[in-house]
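Right, one structure below, let's go through it.
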Amino acid sequence: MIDKLRQRVKELLESKAISVFIGYEKGDNPQLARPIMITSPDEMDKLIYDDTCIVMLSKYLLKPEVKALGRRGIVASYSNLRAITGLIQEHQITREEVYIIAISTGERLPEYYDEVIDTGCKTDNPRLTTQDETIAKLLKKSPAERWDFWRKELEKCIKCYACRQICPLCYCNRCIADKNQPQWILTSPHLKGNFAWNVIRAYHLAGRCIDCGECERACPVNIPLMLLNKMLYNNIKTNFGYEVGFNPNVPPPLATYHPEDKENFII
Amino acid sequence: MNNNFEPKIIAFLCNWCSYAGADLAGTSRLKYAPNIRVIKVPCTGRLDPVMLLKVFETGADGVLVSGCHPNDCHYRSGNFLARRRWMVFKDMLEFVGIEPGRIHFSWVSAAEGAKFVEVVNKVTDEVRKLGTFKGL
């Protein structure tokens, strides 16, 4: 499979169909491949694809220095494909400026790719899929107990913003957390600011989070961020029947409305 | 909880309907609970959810957001967009453990002074029952 991928990338680079290819190379950490930007056909033997290829690559499509190189090729797992579809939907990239080699893992792939390669990898990434149970368990508790749970979790936050940096859909040039006039989100690692930051970060991804789980993996203090994200993901799915990352031609659910939206909670 | 507890409630009222509704309640000499602190906003669609968090962060016990009835928005769709946001955001606040009784949304038009009184009294009662917000 990797030979096929290398062969295709080589052809693409040689034919000048793309000027840079975003893929993975072996990193210092044996469990985590490192992203690599390949610009020359001679570098093909660096390229790998296996179960350690977890880091989301789609974020690199937006980097100005990568953008400047010209048309980009990318190897895209299921989550990456959904992220790319989300970025196209939000007009951050156009379909034409990327060449997407999708990695088939047997899941329903978004229709936005140029070719598929079957890797033999069984799953996309070793994602956690147990959030739904935990969410249901939490919802059965009283608000006070839930608050207690989140207080303990969020007190750990050190405001490193790793969750934001790694998120494929967090691309604002100026994040609300960086704005200080007025300072909506307090910067000190105190529960007040931690609460506002983590809630608002998740909320800004409502209907946009593609459920890749990278924020939770990147979190150095292991806050179960995906519980918040997944709760919102399910909420959007129930309320608006919408799942991000499959169709770039519909407006994001919170950027549009329907006159008949439910309003049983409004006095 | 002592019996004299009076909740602090921040009320975000839209400039065009609910604020005028509150005004009408005042000029009509209607009496309502003095627990709300009004903040006028141009439209409910202008409210960033982070503002609702700030309310709790700065020591209030509850929040009321009130705007124009659907199809009456001065900016045509501000309240529709806001409605979707609240729908999701209130569920999220509930999920992180803020009691749903602390967050209220209502439609009050400029002609509904009486409804404004009703809403404020209802909200105040509910928040009073929940007591001080000790979370943050």
Side-chain angles (χ1 to χ4, degrees), chain A residues 135 138-139 141-151 153-154 176-177 179 182-186 190-204 206-207 227-236 238-240 252-267, chain B residues 44-45 48-59 64-67 69-71 73 76-108 115-116 118-123 126 130-131 133-136:
Chain A
I135 291 170
L138 274 173
L139 282 173
K141 293 183 179 175
S142 73
E145 286 171 311
R146 279 203 295 275
W147 179 267
D148 224 38
F149 170 84
W150 283 110
R151 186 179 54 79
E153 292 295 347
L154 296 180
I176 187 166
K179 293 180 184 166
Q183 184 113 53
W184 286 112
I185 295 172
L186 301 174
H190 176 277
L191 184 61
K192 276 187 183 180
N194 290 357
F195 181 76
W197 163 246
N198 286 285
V199 168
I200 288 301
R201 187 202 64 83
Y203 181 76
H204 281 187
L227 288 181
L228 288 175
N229 289 342
K230 201 63 200 285
M231 177 262 148
L232 286 170
Y233 187 99
N234 295 344
N235 189 295
I236 297 273
T238 332
N239 277 333
F240 314 116
L254 291 182
T256 182
Y257 64 90
H258 193 278
E260 305 304 320
D261 280 337
K262 79 165 185 192
E263 55 171 35
N264 50 7
F265 61 95
I266 297 175
I267 313 171
Chain B
T44 45
D48 189 312
V50 78
M51 292 173 176
L52 303 194
L53 286 183
K54 207 69 176 176
V55 164
F56 292 108
E57 222 175 69
T58 44
L64 165 69
V65 182
S66 188
H69 284 273
N71 295 317
C73 180
R76 293 180 64 215
S77 59
N79 56 357
F80 283 131
L81 289 162
R83 183 171 62 184
R84 279 208 162 187
R85 261 178 240 160
W86 301 339
M87 207 192 289
V88 177
F89 196 63
K90 86 175 166 51
D91 286 352
M92 185 176 190
L93 288 186
E94 201 179 331
F95 180 64
V96 294
I98 294 181
E99 297 93 338
R102 294 192 190 277
I103 314 136
H104 295 271
F105 305 102
S106 68
W107 305 137
V108 173
K115 183 179 176 186
F116 183 76
E118 208 179 289
V119 166
V120 171
N121 287 340
K122 184 174 180 276
V123 170
E126 282 202 31
L130 290 167
F133 180 68
K134 294 201 194 86
L136 286 166

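By convention in this document, chain letters (A, B, ...) are assigned in the order of the sequence lines, proteins followed by strands, and residues within each chain are numbered from 1. Just so it is clear, the values below take in all heavy atoms, side chains as well, and ignore hydrogens, waters and symmetry mates.
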With a 4.5 Å cut-off on side-chain heavy atoms, are A/N235 and B/F95 touching? no
Can a donor-acceptor pair be found, under 3.5 Å and without considering hydrogens, that links the side chain of A/R146 to the backbone of B/E94? yes
Nearest 0.5 Å please: distance from the CG atom of B/L81 over to the CG atom of A/L254. 9.0 Å
Minimum heavy-atom separation for B/E99 to A/P143, with atom names? CG-CB, 3.9 Å
Heavy atoms, side chains only, cut-off 4.5 Å: are A/M231 and B/D91 in contact? yes
Atom group of A/W150 that falls short of 4.5 Å from chain B, counting heavy atoms: side chain
Residues A/A196 and B/E57: closest non-hydrogen pair is CB-OE2, 3.4 Å
Take B/V88 and A/F240 through the side chain to side chain contact (heavy atoms under 4.5 Å, CB included) test and state the conclusion after the steps. CA-CA 10 Å; B/V88 177; A/F240 314 116; 3.9 Å; yes
So for A/S142, is it side chain, backbone, both, or neither that comes closer than 4.5 Å to the heavy atoms of chain B? neither
Tell me the closest heavy-atom pair linking A/V199 and B/V96, and the distance in Å. CG2-CG1, 4.3 Å
Sort A/K262 into side chain, backbone, both or neither according to what part of it lies under 4.5 angstrom from a heavy atom of chain B. both
Check each atom of A/I135 against the heavy atoms of chain B and say whether the ones under 4.5 Å are side chain, backbone, both or neither. both
Against chain A, work out which of B/K90, B/E118, B/K122 has the most heavy-atom pairs shorter than 4.5 Å and name it. B/K90
For the candidates A/H258, A/R151, A/E145, which exhibits the highest count of non-hydrogen atom pairs separated by less than 4.5 Å from chain B? A/H258
So which part of B/P70 gets closer than 4.5 Å to some heavy atom of chain A, the side chain, the backbone, both or neither? side chain
Checking heavy atoms, do the side chain of A/F149, its backbone, both or neither come under 4.5 Å from chain B? neither
Do A/I266 and B/H69 have side-chain heavy atoms sitting under 4.5 Å apart? no
Is A/H190 in contact with chain B via its backbone, its side chain, both, or neither, using a 4.5 Å heavy-atom distance? neither
With a 4.5 angstrom heavy-atom cut-off, could you sort out which part of B/V123 is near chain A: side chain, backbone, both or neither? side chain
Do you know which two heavy atoms are closest between B/R83 and A/P259, and how far apart they sit? NH2-O, 3.0 Å
Chain A contact via B/N71 - side chain, backbone, both or neither, heavy atoms under 4.5 Å: neither
Answer yes or no: is there a side-chain heavy-atom contact under 4.5 Å between B/R85 and A/Y203? yes
Kindly give the heavy-atom pair with the smallest separation between A/I200 and B/P49, and that separation in Å. CD1-C, 4.1 Å
Using 30° and 60° as the class boundaries, would you call the ring planes of A/Y257 and B/F80 parallel, tilted or perpendicular? parallel
Is it the backbone or the side chain of A/L191 that comes under 4.5 Å from a heavy atom of chain B, or both, or neither? both
Does the pair A/K192 and B/T58 meet the rule for a side chain to side chain contact (heavy atoms under 4.5 Å, CB included), with working shown? CA-CA 9 Å; A/K192 276 187 183 180; B/T58 44; over 6 Å; no
If every non-hydrogen atom of A/I267 is compared with every non-hydrogen atom of B/K115, which pair is closest and at what distance? O-NZ, 3.5 Å
